J.: 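Okay, handing you the structure first.
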Amino acid sequence: MRSPAARYIDAINLVAKSWGEQYLREEDEIIVSHLEHHANIVPWQQLAIKNGLRVIPVDDKGQILINEYSRLLSTKTKLVAFTHVSNTLGTVTPAKQMIELAHLAGAKVLLDGAQSVSHLAVDLQALNPDWFVFSGHKIFAPTGIGVLYGQEELLNDTKPWQGGGNMIKDVTFEHTE
């Protein structure tokens, strides 16, 4: 039986397997925080076998060390994936600042909203992550539903992870659009 968060986990893996496989190269780095749920660690660890995985440290109170985070960012950083609110400590990360810093370094950002979406007013326009994911059961949706929000340009430029169904415009044996 799949967990209530199965589709949320699928959303993170979809970004890792589609965008990550398509755009990340061997010398590129991925950054995650020390606050992550395993759902937002394992897909990046699997992808980081080829790429570097760096971890943002936290202080003794579970707060992101923003200066250390800034030092981790470099031209090699292509993706930052972190939680908006920690599922174990309840730490609210400085998401807007972290996203802005990542974008200044040229990195894309996946923000895990599984804990924030039901407890905070989440303004994706103001936060401006490239992707935002959460589990539907956190907002009382049926079990097994998850959400992947993505910037339209990124979604359009990413090859599909799976094929078939209503995502296909035209199919011939020579070409599929």
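Numbers here simply count residues along the sequence, with the first being 1. For clarity, every value in this text was computed on a predicted model and none was experimentally measured.
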J.: With sequence neighbours excluded, what pairs up with Thr88 under the side-chain contact (heavy atoms from CB on, under 4.5 Å) test?
T.: Ser86

J.: Determine, using the 4.5 Å side-chain heavy-atom cutoff (strictly less than), whether Leu155 and Ile12 are members of one ILVMFWY cluster.
T.: yes

J.: For residues 14-35, pull every pair meeting ring-ring contact (aromatic ring centres under 6.0 Å, His included), keeping only residues two or more places apart or in separate chains.
T.: Trp19-Tyr23, Trp19-Trp131

J.: Determine, step by step, whether His103 and Val109 satisfy the side chain to side chain contact (heavy atoms under 4.5 Å, CB included) criterion, reporting the C-alpha distance in whole Å, the side-chain angles of both residues, the deciding distance to 0.1 Å, and the verdict.
T.: CA-CA 8 Å; His103 286 163; Val109 178; 4.1 Å; yes

J.: Kindly write out the residues that satisfy side-chain contact (heavy atoms from CB on, under 4.5 Å) with Leu101, not counting sequence neighbours, or none if the list is empty.
T.: Ile66, Tyr69, Ser70, Leu73, Gln97

J.: Check Lys108 against Leu154 and note the closest heavy-atom contact, atom names and distance.
T.: CE-CD2, 3.9 Å

J.: Would you call Glu21 and Lys159 a side-chain contact if the rule is heavy atoms closer than 4.5 Å?
T.: no

J.: Can you tell me how far NZ of Lys76 sits from CZ of Arg54, rounded to the nearest 0.5 angstrom?
T.: 8.5 Å

J.: Is there a side chain to side chain contact (heavy atoms under 4.5 Å, CB included) between Val133 and Leu110 once you walk through the steps?
T.: CA-CA 8 Å; Val133 298; Leu110 181 135; 4.1 Å; yes

J.: Output, in order, the C-alpha distance, side-chain angles, deciding distance and verdict of side chain to side chain contact (heavy atoms under 4.5 Å, CB included) for Leu120 and His84.
T.: CA-CA 10 Å; Leu120 303 175; His84 196 182; 4.1 Å; yes

J.: Contact between His119 and Val85 at the side-chain level, heavy atoms closer than 4.5 Å - yes or no?
T.: no

J.: Who passes side-chain contact (heavy atoms from CB on, under 4.5 Å) against Pro129, sequence neighbours left out?
T.: Ile99, Leu111, Leu124, Leu127, Phe132

J.: Is there a side chain to side chain contact (heavy atoms under 4.5 Å, CB included) between Thr93 and Met98? Walk through the geometry before answering.
T.: CA-CA 8 Å; Thr93 61; Met98 291 174 70; 4.1 Å; yes

J.: Using modelled atom types and a 3.5 Å cut-off, is there a donor and acceptor pairing between side-chain atoms of Gln22 and backbone atoms of Asp157?
T.: yes

J.: Return the set of residues passing side chain to side chain donor-acceptor pair (under 3.5 Å) with Trp44 (not counting sequence neighbours), or none when no residue passes.
T.: Asn40

J.: Which residue pairs pass the side chain to side chain donor-acceptor pair (under 3.5 Å) test with at least one member in residues 147-156, sequence neighbours excluded?
T.: Asn128-Gln151

